[in-house]
Q: 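To start, I am sharing the structure in question, which I have written as structure tokens.
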Number of protein chains: 2
Amino acid sequence: MTKKQQTAARSADVARLAGVSRSAVSRTFTEGAYVSDETRRKVLEAARMLNYSPNAIARSLSKRATGLVGIIAADLYNPVHAQMLEAMSRSLQARGFGIVLLVPDTSNFDEFIPRLLSYQVDAVITTVATLDTHLPLAAVQTGRPVVMMQQILGANVLNSVSSDDYGGGHAAGTLLCETGHRRIAYISGRSDTANNRDRERGLRDALAAHGLAVYAQANGLFTHEGAMTATRQLLSLSPRPDAIFCANDLMALAALQVSRGEFGMAVPDDLAIVGYDNSAPSMWSWPALTSVGPDMAEMVSLTVDMVVRKIATGDATVEHQVVPVRMVERQTTRERPTA
Amino acid sequence: MTKKQQTAARSADVARLAGVSRSAVSRTFTEGAYVSDETRRKVLEAARMLNYSPNAIARSLSKRATGLVGIIAADLYNPVHAQMLEAMSRSLQARGFGIVLLVPDTSNFDEFIPRLLSYQVDAVITTVATLDTHLPLAAVQTGRPVVMMQQILGANVLNSVSSDDYGGGHAAGTLLCETGHRRIAYISGRSDTANNRDRERGLRDALAAHGLAVYAQANGLFTHEGAMTATRQLLSLSPRPDAIFCANDLMALAALQVSRGEFGMAVPDDLAIVGYDNSAPSMWSWPALTSVGPDMAEMVSLTVDMVVRKIATGDATVEHQVVPVRMVERQTTRERPTA
DNA sequence: TTGTACGCGTTATCAG
DNA sequence: CTGATAACGCGTACAA
């Protein structure tokens, strides 16, 4: 049919076929440039025939902007991260940006950032809570906007859009107190994260307001496996806790599994469980998991807005946005007594 | 400390500082090029001082290769897709490639492929099972390697690395028959996918070999919500099925939830459930889900090998790789009688 | 409105 | 082994 096009058509080819200059072709494919309708028509016609589309790489070199946003993501086995990545990608794409994905490997973190930057991404978004601060900082030094979707300990000089971890922990503690629990345990996440620190603080303050302290605590490292061990520890206490708050849903599912499967406990009658993130799997378990978490769509929307704005304006001020969280009561907690 | 570098250093800057030519700088940063140790040392020194790293965009333009691989992914809420994306990214990065992620939106599928191609990716990998065939075909027309990690109906002209769906369905059917089930139901996935077609065929053939037919069937569309409805339908039959095979894990979790939560059934005593994919959540439920699925690492490895090889050699022959599946018996099926 | 000429930052080629 | 010079494909003053 068409001739075997070993090499793609360039703007020069289109120009020749349309009988115009290369500039005319360029302008036709540039938003808001002066081209007569007649010229534009001829160019588009020729472009269609040659199956031409502008080379974004060359365009980037000339415009000194790539229209690419770098996303640093990891732990995609955690549904909340996967969901965030997908939503972010959709939103960015809808705004005309492309995405360069970077999945850092714990071994060679440092090699990757330079590589990401070498692709001249216009901005960087990161969703990893345990990043070394010097990585995003390296990106910042190049003058690119960097937005973190997790607070990173000691990285206050970076833009961030995070959720109200303190409020979330507080809400969980309050719910458990108000539904009559007295021995409330906590399965924490990695202690080097602001997420864990703030959720824990919120929990403690809520319990204190009800005259309680955390009954017991174990570190689940944000992983399912870690939380299985942690749950076994906590449930070996005597008397057992009557409620567990977990710093994420993955760990709460582990607590559910262990308490029912290994200890034969009834949930929520013997043990109430509250997770964090309000991720999809919290709806998939039985009983379905009570969980507190942010409006993900809102977080993504704020982040993308911020990034796009900073790219456009070059605004270099540091901003911190915090989105509120919402408690979603499902089946792993008792119903609140009607006031 | 360092002077505010509004604009990044270029190779010319390094060359000037090192007292050499731009070519020398280029060669220093090019694998296996002739540079004297002395020159290299001077260049690296200057580069370090200026915090220089080569501009990959400019390099791409000149080399006519970007080192970028496009990945088309979607449905990241499905853990198996998220896991695959992460593993693929890691593997590709380890091989020196960067990743351009594309999350197609059902509305404007067609706009995205050209955009992906405009970034001159060296190859395209797709994990979406319901892609329109003309999209990957468009990529193929540009001469780039395209590898699909799902068989797409009617796309035999595209390279593929897929798992043995027929064998998986067959294994599930066989297991259920051998553990004494007689009323085996099937919750299918989207009927426009090869995945669903082959898993179903495998199931039917396995049952037939035991003198059975599928007791009942409902379409769960590969989604959790769809499967909840499907499960309700199936369990409303009288007599009820005594086993359900689901075309993915998400749907199996829904079956588990509904059968226990809404119908008060015991699993696996009243009802056996088998999922597909052997994804992470299959280990998180209680009882843990019996599931059949491929070795994901193997699939990723084969895919990346194929892509890298085809990029390097320009080999345009079409290949189909099929990786075997493995049945992982957990707690939602009875133990096999000891032979 | 159109075309010319130059620049974007790098690599490949080819003399030295 | 090194350095000048020409691509790579496109955007954009500038002059027409």
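In what follows, every heavy atom counts, from backbone to side chain, and hydrogens, waters and symmetry copies are set aside. Just so we're on the same page: letters track the sequence lines, and every chain starts at 1. All figures in this text were calculated on a predicted structure; none of them were measured in a lab.
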Q: What's B/Ser60 touching, base or sugar-phosphate or nothing? Going by heavy atoms closer than 4.0 Å.
A: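 It contacts nothing in the nucleic acid.
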Q: Is there a donor N/O on one and an acceptor N/O on the other, under 3.5 Å, for the side chain of B/Arg27 and the base of D/dG3?
A: yes
Q: So for B/Ser62 and C/dA12, does any side-chain atom that can act as donor or acceptor lie under 3.5 Å from a complementary atom in the base?
A: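 A donor-acceptor contact between them is absent.
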Q: Are any of A/Ser21's side-chain N or O atoms less than 4.0 Å away from OP1 or OP2 of C/dT2?
A: no
Q: Side chain of A/Lys310, backbone of A/Arg144: donor and acceptor closer than 3.5 Å?
A: no
Q: According to a strict under-4.0 Å criterion, is A/Ser36 in side-chain N/O contact with OP1 or OP2 of C/dT2?
A: yes
Q: Regarding D/dG11, can its base be found pairing with the side chain of A/Arg22 as donor and acceptor, where the two atoms are less than 3.5 Å apart?
A: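 Counting by modelled atom types and ignoring angles, a donor-acceptor contact under 3.5 Å is found here.
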Q: Any donor-acceptor pair under 3.5 Å between the side chain of A/Ser23 and the base of C/dT4?
A: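 It does, because a donor-acceptor pair links the side chain of A/Ser23 to the base of C/dT4 below 3.5 Å.
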Q: How do A/Ser53 and B/Gly19 order along DNA chain D: which one's closest nucleotide is nearer the 5' end?
A: B/Gly19
Q: Check the phosphate of D/dC1 against B/Arg40, side-chain N and O only, distance under 4.0 Å to OP1 or OP2. Yes or no?
A: no
Q: Look at A/Arg41 together with A/Glu45 and state whether they make a salt bridge at an N to O cut-off of under 4.0 Å.
A: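 No salt bridge links A/Arg41 with A/Glu45.
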Q: When you measure from the side-chain N and O atoms of A/Arg10 to the phosphate of D/dG9, is any distance below 4.0 Å, counting only OP1 and OP2?
A: yes
Q: Just by modelled atom types, is the B/Met88 backbone N or O under 3.5 Å from a matching donor or acceptor in the B/Ser91 side chain?
A: no
Q: Specify the closest pair of heavy atoms between A/Val128 and A/Pro104, including all atoms of both residues, with the distance to one decimal.
A: CG2-CG, 4.5 Å
Q: Answer with base, sugar-phosphate or nothing: what part of the nucleic acid does A/Val35 contact at a heavy-atom distance below 4.0 Å?
A: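 Sugar-phosphate contact only.
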